[in-house]
Undergrad: 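I have a structure I would like to understand better, so I am pasting it below and will then ask my questions one at a time.
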There are 2 protein chains.
Amino acid sequence: MGTTKTIHFTDEQNELAILAKAIGHPARIAIIQHLIKVNSCICGDIVNELPLAQPTVSQHLKELKNAGLIKGSFEGNAICYCLDENGFNKIKNFFQYVDKHLENQKNQCC
Amino acid sequence: MGTTKTIHFTDEQNELAILAKAIGHPARIAIIQHLIKVNSCICGDIVNELPLAQPTVSQHLKELKNAGLIKGSFEGNAICYCLDENGFNKIKNFFQYVDKHLENQKNQCC
DNA sequence: TATTTATATTGCAATATTACGATAATAAAT
DNA sequence: ATTTATTATCGTAATATTGCAATATAAATA
């Protein structure tokens, strides 16, 4: 127990869950928003933008990277980060699919 | 420790995180997809659609409800469920905002 | 080469999540 | 009133997540 029963779900369901879960933390939302705000790569200094210790930020960045939501490339002794469209496109499709249904639903019930 | 430091983040960041986190489980993705598939309210019998025990499903439904992603109303001794546009609209806006940036980003870096 | 700067990893404590059996609560049906 | 069907809650075990201090690693620079 305690473990999510991924085996019983489809690959798509598990993949979407991983993406949403990665976004599901305020620090990681803040990272995404910051990358958007500066409107370019960020080479270093994400740590100073967040109210968390450096190892904690490093961990959050790792999770976003593993999920395919950000990319990081070495630039000297710093790392350049930006959003990774791969992850975002996958989850975007899901929300478009949900949205299409929500429009229908209005005249159906509830 | 172990607790997310919500105080240090904005209400918007925390709210988006709660929504994404609620979606971030394959069982809850499956529930959303099922509600869309049948294209109407579901009065009862969500349990039989999922490979999980009844108390576990009940718990997942509760989480989706708390996050504002589904609505449930009593219909006799069963409960009618359908998607709640409130929650989905909030997170939809976030992804539209991200998407707008991703189109810009293409010519900027990385 | 020693030092500084930036990021990652390790180890650990506190807390949260997941899952389910047992049981309760509720409402329809008999 | 009793039974049946449906959903919720409680209690608990297993595991995951969050956060940070300490430490390691890697590149730039003095």
Side-chain angles (χ1 to χ4, degrees), chain A residues 1-9 13-14 16-31 34-35 41-67 69-82, chain B residues 1-9 13-14 16-31 34-35 41-67 69-82:
Chain A
M1 288 168 215
T3 324
T4 296
K5 288 192 157 180
T6 51
I7 339 120
H8 300 304
F9 298 98
Q13 288 165 341
N14 284 314
L16 285 169
I18 286 170
L19 286 163
K21 197 175 180 181
I23 298 170
H25 190 290
R28 298 193 289 265
I29 293 275
I31 291 169
H34 185 65
L35 285 172
C41 290
I42 291 201
C43 298
D45 240 10
I46 285 191
V47 172
N48 296 317
E49 285 295 322
L50 292 180
L52 296 169
Q54 179 267 325
T56 309
V57 175
S58 186
Q59 201 174 272
H60 284 306
L61 288 167
K62 193 178 173 185
E63 277 176 72
L64 286 169
K65 210 161 144 192
N66 286 342
L69 291 162
I70 64 171
K71 294 184 280 190
S73 53
F74 284 88
E75 187 85 14
N77 68 338
I79 294 187
C80 261
Y81 282 112
C82 60
Chain B
M1 289 167 213
T3 324
T4 296
K5 289 193 158 180
T6 51
I7 339 120
H8 300 304
F9 298 97
Q13 287 165 341
N14 283 314
L16 286 169
I18 286 170
L19 286 162
K21 197 176 181 182
I23 299 171
H25 190 290
R28 298 194 288 264
I29 294 275
I31 290 169
H34 185 64
L35 284 172
C41 290
I42 290 200
C43 299
D45 241 12
I46 285 190
V47 172
N48 297 316
E49 285 296 322
L50 293 180
L52 296 169
Q54 179 269 323
T56 309
V57 175
S58 186
Q59 201 174 270
H60 284 306
L61 288 167
K62 193 179 171 184
E63 277 176 71
L64 285 170
K65 211 162 142 190
N66 287 341
L69 292 163
I70 64 171
K71 294 184 280 192
S73 53
F74 284 89
E75 186 86 16
N77 65 340
I79 293 186
C80 260
Y81 281 113
C82 60

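Letters A, B, ... are given to chains in the order of the sequence lines, protein chains preceding strands, and every chain is numbered from 1.
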Undergrad: CG of A:Leu19 to CG of A:Leu69: how many Å apart, nearest 0.5 Å?
TA: 5.5 Å

Undergrad: Which atom pairs, one a donor and one an acceptor, fall under 3.5 Å between side chains of residues 24-31 of chain A and the rest of the protein, sequence neighbours left out?
TA:
| from | atom 1 | to | atom 2 | distance (Å) |
| --- | --- | --- | --- | --- |
| A:His25 | ND1 | A:Ala27 | N | 3.0 |
| A:His25 | NE2 | B:Thr4 | OG1 | 3.4 |
| A:Arg28 | NE | A:Ala22 | O | 2.6 |
| A:Arg28 | NH1 | A:His60 | ND1 | 2.9 |
| A:Arg28 | NH1 | A:Glu63 | OE1 | 3.2 |
| A:Arg28 | NH2 | A:Lys21 | O | 3.4 |

Undergrad: First contact, last contact: which nucleotides of DNA chain C are these for chain B, 5' to 3', heavy-atom distance under 4.0 Å?
TA: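 On DNA chain C, the outermost contacted nucleotides are C:dA13 to C:dA28.
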
Undergrad: Using a heavy-atom cut-off of 4.0 Å across all strands, would you classify A:Glu75 as base, sugar-phosphate, or nothing?
TA: nothing

Undergrad: Report the distance from atom CG of A:Leu64 to atom CD1 of A:Ile23, rounding to the nearest 0.5 Å.
TA: 8.0 Å

Undergrad: Using the closest heavy atom to pick a nucleotide of DNA chain C for each, name whichever of B:Phe74 or B:Arg28 lands nearer the 5' end.
TA: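 Closer to the 5' end of DNA chain C: B:Arg28.
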
Undergrad: Quick one: side-chain contact (heavy atoms from CB on, under 4.5 Å) partners of A:Lys62, sequence neighbours excluded?
TA: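 A:Asn66.
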
Undergrad: If you look only at distance, which donor and acceptor atoms sit under 3.5 Å apart when one is on a side chain in residues 43-53 of chain B and the other is two or more places apart or in another chain?
TA:
| from | atom 1 | to | atom 2 | distance (Å) |
| --- | --- | --- | --- | --- |
| B:Asp45 | OD1 | B:Asn48 | ND2 | 2.3 |

Undergrad: So which heavy atom on B:His34 is nearest to which on B:Ile42, and how close?
TA: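 Shortest heavy-atom separation between B:His34 and B:Ile42 comes out as CD2-CD1, 3.1 Å.
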
Undergrad: Atom CG in A:Asn14, atom NZ in A:Lys5: separation rounded to 0.5 Å?
TA: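 These two atoms lie 13.5 Å from each other.
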
Undergrad: Starting at CG of A:Asn77 and ending at P of D:dA27, how long is that distance when rounded to a whole Å?
TA: 9 Å

Undergrad: What residues in residues 46-59 of chain B put a non-hydrogen atom under 4.0 Å from any atom of DNA chain D?
TA: B:Gln54, B:Pro55, B:Ser58

Undergrad: Quick check on DNA chain D: between A:His60 and A:Thr3, whose nearest nucleotide comes earlier from the 5' end?
TA: A:Thr3

